[in-house]
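Here is the structure we will look at, set down as structure tokens.
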Protein chains: 2
Amino acid sequence: FKYDESKVGNEKIWELMNSYIGADKKSIQRSIVNHVEYTLGCTRFNFDNFNAYQASAFSVRDRLIEAWNDTNEYFTTNDSKRVYYLSLEFLLGRLMQNSLVNIDVEPKYKDALMDIGYKLEDLYEQEVDPALGNGGLGRLAACFLDSMATLEIPAWGYGIRYDYGIFKQGIIDGYQVESPDYWLARGNPWEIERADVTYHVRFYGHVRKYNDGGVERANWEGGDIVVAQAFDTPIPGFNTFNTNNLRLWKSRPCNEFDFRQFNAGDYHGAIHERQKAEYITSVLYPNDSSEQGKELRLKQQYFFCSATIRDIIRRYKKTHTDWNNFHEKNQIQLNDTHPAIASIELLRILIDEEKLPWDQAWNIIYKTFAYTNHTVLPEALEKWSVKLIGNLLPRHLDLIYLINFFFIEKVKQKYPGDGARISRMSLIEEGDEKKVRMAFLSIICSHSVNGVAALHSELLKKTIFKDFDEMFPGKIQNKTNGVTPRRWIHCCNPGLSDLISDTIKDDHTEWITNLTSLRELSAYSTDEDFLKRFIHVKQENKKKLAVWVKEHTGIDIPINSLYDVMVKRIHEYKRQFMNILYIIHRYLMIKDTPAHERAAKFVPRVVMIGGKAAPGYANAKAIIKLINSVAQKVNNDRDIGDLLKIVFLPNYCVSAAQIIIPAAEMSQHISTAGTEASGTSNMKFIMNGSIIIGTMDGANVEIAEEIGAHNMFIFGALVPEVDTFRKQIQEGRRDYIGSRLKRVFDTIRAGTFGDVSTIHAMLYSIENGGDYYCVCLDFYPYITAQEKVDETYRDYHKWCKMAIEGIAYSGKFSSDRTIQEYCQDIWKVSPVSIPKPTTNPQAR
Amino acid sequence: FKYDESKVGNEKIWELMNSYIGADKKSIQRSIVNHVEYTLGCTRFNFDNFNAYQASAFSVRDRLIEAWNDTNEYFTTNDSKRVYYLSLEFLLGRLMQNSLVNIDVEPKYKDALMDIGYKLEDLYEQEVDPALGNGGLGRLAACFLDSMATLEIPAWGYGIRYDYGIFKQGIIDGYQVESPDYWLARGNPWEIERADVTYHVRFYGHVRKYNDGGVERANWEGGDIVVAQAFDTPIPGFNTFNTNNLRLWKSRPCNEFDFRQFNAGDYHGAIHERQKAEYITSVLYPNDSSEQGKELRLKQQYFFCSATIRDIIRRYKKTHTDWNNFHEKNQIQLNDTHPAIASIELLRILIDEEKLPWDQAWNIIYKTFAYTNHTVLPEALEKWSVKLIGNLLPRHLDLIYLINFFFIEKVKQKYPGDGARISRMSLIEEGDEKKVRMAFLSIICSHSVNGVAALHSELLKKTIFKDFDEMFPGKIQNKTNGVTPRRWIHCCNPGLSDLISDTIKDDHTEWITNLTSLRELSAYSTDEDFLKRFIHVKQENKKKLAVWVKEHTGIDIPINSLYDVMVKRIHEYKRQFMNILYIIHRYLMIKDTPAHERAAKFVPRVVMIGGKAAPGYANAKAIIKLINSVAQKVNNDRDIGDLLKIVFLPNYCVSAAQIIIPAAEMSQHISTAGTEASGTSNMKFIMNGSIIIGTMDGANVEIAEEIGAHNMFIFGALVPEVDTFRKQIQEGRRDYIGSRLKRVFDTIRAGTFGDVSTIHAMLYSIENGGDYYCVCLDFYPYITAQEKVDETYRDYHKWCKMAIEGIAYSGKFSSDRTIQEYCQDIWKVSPVSIPKPTTNPQAR
């Protein structure tokens, strides 16, 4: 369909569309009630909180759509340069409050709903968490979307609309039990189903070579066709009319005639075969290393990349004919290697379909793509077997080999005779099973590669990408992560947001988009009035968390204890294990201490640990079981009372984080140095006045730089010490346990915490040279740091001063700053501001 | 959620809901454009015909929802007696035009759309056929819905929302090729997804017996749980505010925690297992006898019956506590035996959950259910293996055995010592594999049993249900089917509708709800002016069909030939085979005739045959191939020219019927006497001025009674003659082929029509005593009747007079009449008229 300006009636349509929904109380109520009646088909007799939430969400969506349509139209008309953020995960969290805040109508909705008998806060609780991500990587993508819209960058997210997001975590007898989270069960009012935006995606099939007027060309044919359908979620910027888009793809059966089924006769078989198309986007992989190499995962990656690239090309070709301009109008950021195949897909289309010469096509992809690395852990670097790719994507494998051929030629030129280097740098890892190194492929096909924190970026250059840094100096750069202060201060901690606004005499619309202005707060870190209000806010947040904990675990936690929180995916490198070992140690110490001396020696604590373990990750699941078993024992030990409470926070997710983080007084970020790329929850905790106990790893290093190491509890081995320790244990050193840790191990083995046999293999391994994550090395400094924590907390005003200075100097960690750096250094893109609505078409 | 009158804000909500969308041009345009923008998320730049259709459909839905909500509220408030029509199929056809006509805004929409540049007729063509039925049975259910709403009966339809309706039929090299019809690919604007209406449905598991204060009770436990979610389609009555509901169930995975998966560890396996829940409602069985006994089919039946019964009970219990009133407030009609398990489900709930004594529970179900039989063909009578039911529905099998026990006791009492009768009447058919006779179960559990045409009902009493008619005299009654004149005259044949209205000086709102008033037309059957207009209407319809045929088959058909149509499922008993044999005979006769004598001897004809064959029904598929092969030969025989054209109409469906039927001049209904229960397309053809050539079978008998046999071309054996013939061939008679038919067979075998080897088995069988459907017996009378057709058509005014008298006396065959009889004789239910909208709440 081409838009025909002359079409009869178009003026009328324009006139009818060119009006905007009012933001007065009556208009809001009318819009909500209309959705109850006409969208949900409900009557006033079945208008409950859930329906009220849905209807309100639809009414917000209407507003978003207005701006979203105007935004896209404006970008098209102005031929704006676009950024596309490709990510297999977008861990958005709930959208209602965030949307209302960003479009600045939260108080109006609150008022309008109150007037018809509904509390806005109750409706927030009706929203399902769209949990389309595992952890940090997915949540980063969500923060970036918020910042890109707020900064008025023409940027779209692209990903997958999974039917099942990350599993729901249940705890039964202390064990993690996974249950599928069919989050769409009651619908999703935030998305717009685009029946009109679909692409065909091919799998399997064969490559046909043919002669095209003397040029040898290839064409990929046959195989299975699956339809990718778009679902759009408008992403409003804060305090701007700009509204970007998150386009997620769902796989659907292809409804076109399938000649292969001709005469096969098995009608039901044919339908079921077709329905399997829906499996592709059915489930988010829960980050399980044992699942690497699974065909369905590769299908997901290619499926979403192919639809995305086709979509970008279609948009570009609507208004352009010159391919050489492509990279000047389109920048594609790969969030980790999961979308790496996108560059090969673009190359394939340019060469096989658009028939561009290799050099031109190569130049386009190289200048268009940029790649973000998220890990240096070797086991997390994607490698796909050549056999698998060759079967599923035969033409792409051809092209990967071709890229590798040209690349190796260049390496040979630069380092003649260095065979070891060539084999290290080859895209193909030789071995029993040949594999494609997706990270290397991403580096070669991108004009920029970045790490996500200063330390991490340095490690990339020194370790896994050393050869590439030598060959392409300057290509690997750093972009320290950030988080959006809209969700992570204003929405989740309204008390603190108000306190900040009142204190620095600044409407939140100012500081929240310019977070370094929080520095003004440092002047108040000893101000009595400010401290009083600060403490009050924290107390209220702690109360709210205590209610949540009671509701979700049945455990009563005292309000006046130190709230010590560690929430993140459960992993050996993140070292929840060290945390629980310390808790056992602390428990033993308390028990050792005569009752009347305990109050002087130990600050009462509630230690809260939350996070999901990948379903196939036995050690992580054993750690969860150990935490729960210890909690069971300690919490029921009358001798301990309120001096120590341990809570495993079940089913940690974004909406839980929004309650947990504002209530935390201390948070633990204690990964082995050199393992955590950045961490972003550390930033959120800092912004909410929680003090970090942590190692010099990931973004902790930069947080220390910003807020001062004296405002944190830093401990533990640095990267070189970790390397040395690892070398020692590899060479046979076994004297690293120490008596206090040994006592902890013995206590576990003695059955003090009941049957925790699942942890025994880990204990044995750690004792016998398997302490790869240096738990024993860091355990003793950790004890010391914990003692410092207790000591500091006794002077609560001093504690608060540290926390407040943390907030004051957290400005760097706004994702707005991160995105600004991406724009400047990688994408070379500028803001495009959408004019505010007007009913005068000439003025638009 | 309980509605709380006192809730703050309810008055405001009521006030906001208590307004109705205007029907002026501006309101219609505003509503359409709002849906384009806010529901579809489109801009004026991608506002094409499909979007305009969708938006218009949504805007119509808004209007329907207003009346639909008011209707349900009114029925609830008035405690109206309800009818529930349970059917595994509802072949609705397109809904846009039908809805606009019924709510009387078609001209207004036409005008409003024209003004913004869209033609309403073009938008009609954008709608997908919701083909959730196989043929007559499903289309009958749809006509009944229209009549029940029009007659203001509080009645809901209940069925399944299949993802894949009846397959799309393609023709490749003359063979039928089935392709799945994923009709929801671009959404369905007519339904309201009810996230709030769900039930859990159990499968498998076990029965636990327990002692409940001295009473032995049973409980069904364990097994798999699947969620049934409701999708509602409002069904507007014609010229009334009453708007009924069609509730279709979709199966969904259950999102609740599944303890069986605990510690199983296979997370992806668990998800895929769960997703299989969606298979239950994924596909409509295409009526394939080879599929009888398939577990998935039984699952479908129980799934929809269980959700439906729970829904009915929930509604009843909201306002009632006395179970003895249940049947006075609820009547459940079973459309064939497919929903037979519903009565057992109600019995189970009453006994096991509501803990009613057997006699009371039995009494309730007996007085609540009524059953419609649709076939006397033994192979089409459902029987489910005891083993299958016992595994899938163990408690239901217990209850069936119990019902059978009590029933057999009664039979013994009435017919002591008649063992043969007992074994004939038992619900359980003994044999290698024990089976439950679902028809007998339905008879026993219902207070009424009916056939669908006079002849059919008589046959029921004399043949398959003879024992039951003797035991329960009067229980088996007749309700001759009907069709809705809204769709089948007014919507599909606007020219004829206008002609009728003009002629009998009656706005169509009158005659269309009182179809016997068409009798007035008989006075005009020889009126010159009327005839002229009548012929013009038919010519225009023929032209429209010719365009359709060209588009769908590539064949040019002449306008002035006799349009001879046979459209219905392809089946041996319906005898498309006899039709094509006659065509071959006619072709040979033409070839035998010297060219100059042909015009005098043969009327030029276009013979059109359309219909789907069940994918596993080899003979039916062979017939399709034969028709196409003959067409290929004859249509390309220059010697024949326009004297004979043969068209296989591909993918016959409701929307195609609406073009084909108004254009037909003759239609064939030539089933073997005693096989077609009613037929309803015969009624549609009559109403559209097409003359029937047919046997004395099904409703043809009553059509002949009404319009007079002289206005039809009736031929062929009657039921007793069929019986005699069958007996003769069984006893060895083989002299029945005759020379003319033999010549036709020989011509086929000689390869005149190319390779039609798939038909050879049928030819052989027919020659060797396998002519069960009496093709040879009726072939010669059929030739004679066809000669009469030619002769009559030469006097076109006489032909038209017959056709007009057919229309004039077709009034009996309005489904309004049928429904009135059901209301009076079976359901004992009266109309409840919803007051027209008013903005004064006191007046409602």
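Each chain gets a letter, A, B and so on, in the order the sequences are listed, and its residues count up from 1. As a basis for the values below, the full set of heavy atoms in this structure was taken, side chains included, without hydrogen atoms, waters or symmetry mates.
The distance from the CZ atom of B/Arg186 to the CD atom of A/Gln229 is 9.5 Å, given to the nearest 0.5 Å.
Heavy-atom pairs under 4.5 Å with chain A were tallied for B/Leu40, B/Ile65, B/Val33, B/Asn69; the largest tally goes to B/Asn69. Comparing B/Leu113, B/Asp232, B/Ile21, B/Thr198 by how many heavy-atom pairs each has under 4.5 Å with chain A, the most go to B/Ile21. Taking chain A as the reference chain and counting heavy-atom pairs below 4.5 Å, the highest number among B/Gln54, B/Glu278, B/Arg30, B/Arg252 is found for B/Arg30.
When heavy atoms are compared at a cutoff of 4.5 Å, B/Asn34 does not approach chain A at all.
Nearest heavy atoms, B/Ile192 versus A/Thr39: CG2-O, 4.4 Å. Considering all non-hydrogen atoms of both residues, A/Trp68 and B/Gly41 come closest at CZ3-O, 3.3 Å.
The closest donor-acceptor contact from the side chain of B/Arg61 to the backbone of A/Tyr38 lies under 3.5 Å.
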